[in-house]
**Q** 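Structure incoming, see below.
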Amino acid sequence: MNDTPSHFPEGARVAVLTTQPLDGPLDYLAPEGGVMIGAFVEAPLGPRKVMGVVWGPGLGGFDASKLRRVSAVLDVPPMRDEMRAFLEKAGAYTLTPLPAMLRLATRAPALGQPPSKRKVYRRGTGRPDRETGARARVMAALDEMGGLALTLSELSQMAGVTSSVVKGLVKQGVVAEEESPRDTPYPRLDPALPSKPLAEDQAEAAEVLRNAVASGRYGTTLLKGVTGSGKTEVYLEAVAACLAKGRQALVLLPEIALSAEFLTRVEARFGAKPAEWHSGVTQTERRRIWHMVGSGGAQLVVGARSALFLPFQDLGLVVVDEEHDSSYKQEEGALYNARDMAVLRASITDAQVVLASATPSLESWANAEAGKYRRLTLTSRFGTAALPEMKSLDMRGEDLPADRWISEPLAAAARRRIENGEQALLFLNRRGYAPVTICRACGHQIGCKHCDARMVEHRFLKRLVCHQCGETEPRPEVCPSCDVEGKLAAVGPGVERLAEEARARFPEARIAVLSSDMYTTARQLKAEIASIAEGGADIIVGTQLVAKGHNFPLLTLVGVIDADLGLQGSDLRAAERTFQLMRQVAGRAGRAEKPGVALLQTYQPDHPVIRAILSGDEEGFWRAEAREREAAGVPPYGRMAGIILSSEDVQKVFDLGNALARNAGALRRIGADVYGPAPAPIARVRGRHRVRLLVKAPKGSALQAAVADWVGQFRLKGDLRLAVDIDPQSFF
DNA sequence: ATGTCGCGGGAC
DNA sequence: TCCCGCGACATA
């Protein structure tokens, strides 16, 4: 079957894939001593030397006399066959050129170089000339480590001494100083430690997952359960089974930088912290993880989506927590959804996938419904918490002034909670101060110069911001249309304006605002969340930032200011997103020590989505949603369309890119996913321009024809490729 | 990505 | 006439 040679003798023709933005691998001659397939090498490219991977036998079709020789084989274990297969399939799936895929897989610094060293200290053989308290503490600290070495700062901190005490002991040979590579294995995790007691349905689900992992085969399970039903404990048992089998596990989290809580739970279950991979980890640590994952020195990685491209030696389980979360979509460079890539990768390495969510994505729901994914549902809620009671507040009967949004019943409910020492959340999913700025002199609404959206006033930032393409400008004093001064008025609510109203309505209460543009660093945000959780605020005014992650034990009331907000407009996924968001936000009041309530202010209490949210009839909702999509010709999974264009007329291509951005709203209405702002969908590759447009459309459908036709209007010479099936299951 | 080549325009 | 800077181009 497999006739690809695994070793190429000196002088043989080999294909080498580099991270240079070419179309694919280039042919080289194997170096002295030959080279293995998958080997990391250094190869000459023009006047430079670049890193690459031996991808296979030479492709030929290039003048043999012009071939150059691979200049060095790097001292890194070769890339495994399955990793190459994964990168190729994932690249084909997402229409991403292979070099860009390789870049994802080599996101660690100084790959080829030998590991840097640092000094470490352990117990030596000598005896101290004098016994002092400080010296005794150093010895005790080292004895406690049972032969494991410590760094100078770790040791002096543990012993509570200055570094000179340690240095003094080193001179006498009491403490041994050694050089040790920084790339050290992670502490062993012990899957045999006892788990938390599990409720009956948790125990059953855990057993199913343990058996699935034990099978050593591919399979995907959708693990569904409301907030607080104990999904984490259940999938940690799958992780335990995987580790016990000697295989590696990966847990993907959407907001990893904010997930200190999760790491603590892992430590409680397995006795040590796992490796942590996200954009915030240091270069040294990235390198360590990359190497340890490859050599088996890391059993469990907890990470962001890019952790999927680490060189696992034997990956047995991938958990995608909050699988519906949109941050699994990578929208720059390579375009992919980590949820789908997890399924693909697992199928290649005979691993299990657990997709965990309280509100699964329509795609996963459809795959479970079709029998492609196993489904496990957790119903009982663990501990004392109960599902928050959910009620609608019919706003048609409320007589609110035009610049106020908190209804009387909601304000009264919030007041009662605060008086009890509990917390209330006022939720409005709109960043900034006001969504519309209108000129009272001429009626002009300030729009974005680069796309079809309106500019949103952000008073905190003192700017107008486009939420579609990211364009910002200072807040103008005069109307850009009629030049009249002082007539620009803010219309409609944003979270900043809601906070203003809350401060006026509840002058005694401590009010915290949680919106992403108020915090410049994740650290700041993390600190604010922690302080709120400890009771540092009475009222939280927030955007969807509060829907995720952290648990607020004092929060017993969730008030949704405008539950209909997401249902306006004609976004194809509006219903799905609103349903998920409302259930998630309401769940924030379900984790408190006392039973909570969620109040949804709405003008359409009879809207089917609002009714589904209130009744909790998820199955019914998904079925209706799937039917509706089918009727619209837009199935949960569609096709990815890639358009590769020749640049006969460069300006036209850029016009297309700008048109894509300008018409992003219109495209979304027909079900297209437009990734990135203005020229982002365009990549220039060797004189040709590549535009990628992701469309969920079945082959041969009217939608697909419409997009092709639309692109055709630009009269570009190029081929429209509508090829790749986007359901990861269709790959195997 | 990035080094090289070739060309146009400005300074001398 | 020289040289700088920019864009196009090729990389095996």
Side-chain angles (χ1 to χ4, degrees), chain A residues 4-5 7-74 76 78-79 84 87-88 91 94-113 283 286 306 309 330 332-335 644-658 676 678-692 716-718:
Chain A
T4 307
H7 183 265
F8 302 96
E10 179 173 358
R13 211 168 158 141
V14 292
V16 174
L17 181 67
T18 66
T19 56
Q20 304 299 306
L22 308 167
D23 283 338
L26 298 174
D27 280 4
Y28 285 86
L29 297 174
E32 196 183 332
V35 70
M36 296 293 290
I37 192 163
F40 283 83
V41 296
E42 183 190 77
L45 186 72
R48 293 168 299 142
K49 288 199 164 144
V50 295
M51 198 263 289
V53 170
V54 176
W55 210 250
L59 304 166
F62 186 78
D63 189 350
S65 64
K66 286 189 190 154
L67 286 181
R68 298 172 78 180
R69 189 174 288 260
V70 167
S71 47
V73 180
L74 304 181
V76 182
M79 181 180 281
R84 275 185 293 119
L87 294 181
E88 286 207 352
T94 58
L95 297 172
T96 306
L98 270 181
M101 295 309 295
L102 183 63
R103 223 169 295 145
L104 291 176
T106 52
R107 285 253 204 104
L111 267 191
Q113 267 84 272
Q283 295 278 297
R286 285 177 101 77
S306 58
F309 294 91
Q330 161 77 32
E332 269 163 36
L335 313 177
I644 297 179
L645 304 154
S646 57
S647 59
E648 295 259 298
D649 186 337
V650 173
Q651 196 50 50
K652 274 188 185 163
V653 177
F654 280 97
D655 287 348
L656 175 61
N658 290 326
I682 299 191
R684 289 191 43 194
V685 180
R686 210 182 161 179
R688 288 179 307 161
H689 292 73
R690 193 183 294 243
V691 179
R692 280 178 296 185
L716 292 154
K717 284 189 184 168

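Residue numbering restarts at 1 for every chain, and letters A, B, ... go by the order of the sequence lines.
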**Q** Rounding to an integer number of Å, can you tell me how far L22(A) CG sits from dA10(C) P?
**A**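 Distance, rounded to whole Å: 12 Å.
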**Q** Quick one: L67(A) CG to dA12(C) C1', roughly how many Å, whole number?
**A**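 So the two atoms are 6 Å apart, to the nearest Å.
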**Q** Partners of R107(A) by side-chain hydrogen bond (donor to acceptor under 3.5 Å, both in side chains), sequence neighbours excluded?
**A**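 R107(A): no side-chain hydrogen bond (donor to acceptor under 3.5 Å, both in side chains) contacts found.
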**Q** Looking at DNA chain B, which of residues 44-59 of chain A put a heavy atom within less than 4.0 Å of it?
**A**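 Close to the strand are P47(A), R48(A).
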**Q** Figure out the CD/C1' separation between E42(A) and dA12(C), and round it to whole Å.
**A**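 In whole Å, dA12(C) C1' and E42(A) CD are 16 Å from each other.
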**Q** Take V70(A) and V35(A) through the side chain to side chain contact (heavy atoms under 4.5 Å, CB included) test and state the conclusion after the steps.
**A** CA-CA 9 Å; V70(A) 167; V35(A) 70; 5.7 Å; no
**Q** Please report the C-alpha distance between Q20(A) and L26(A) in whole Å, then the side-chain angles of each, then the deciding distance to 0.1 Å, and finally whether the side chain to side chain contact (heavy atoms under 4.5 Å, CB included) criterion is met.
**A** CA-CA 11 Å; Q20(A) 304 299 306; L26(A) 298 174; over 6 Å; no
**Q** Can F309(A) and L87(A) be said to form a side chain to side chain contact (heavy atoms under 4.5 Å, CB included), step by step?
**A** CA-CA 8 Å; F309(A) 294 91; L87(A) 294 181; 3.8 Å; yes
**Q** From CZ of R68(A) over to P of dG3(B), roughly how many Å is that when rounded to an integer?
**A**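 Between P of dG3(B) and CZ of R68(A): 14 Å.
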**Q** For the backbone of V54(A) and the side chain of Y28(A), can you confirm whether one donor and one acceptor N or O come within less than 3.5 Å of each other?
**A**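 Flag not set: sc Y28(A) to bb V54(A) has no pair under 3.5 Å.
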**Q** Measure the distance from CD on Q20(A) to C1' on dC9(C) and round it to the nearest whole Å.
**A**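 Rounded to whole Å, this separation is 14 Å.
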**Q** Determine whether a donor-acceptor pair (N or O, by modelled atom type, separation under 3.5 Å) exists between the side chain of S71(A) and the backbone of E42(A).
**A**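 At least one qualifying donor-acceptor pair exists.
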**Q** Would you kindly give the CZ-to-C1' distance between F62(A) and dA12(C), to the nearest whole Å?
**A**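 After rounding, the reported distance stands at 4 Å.
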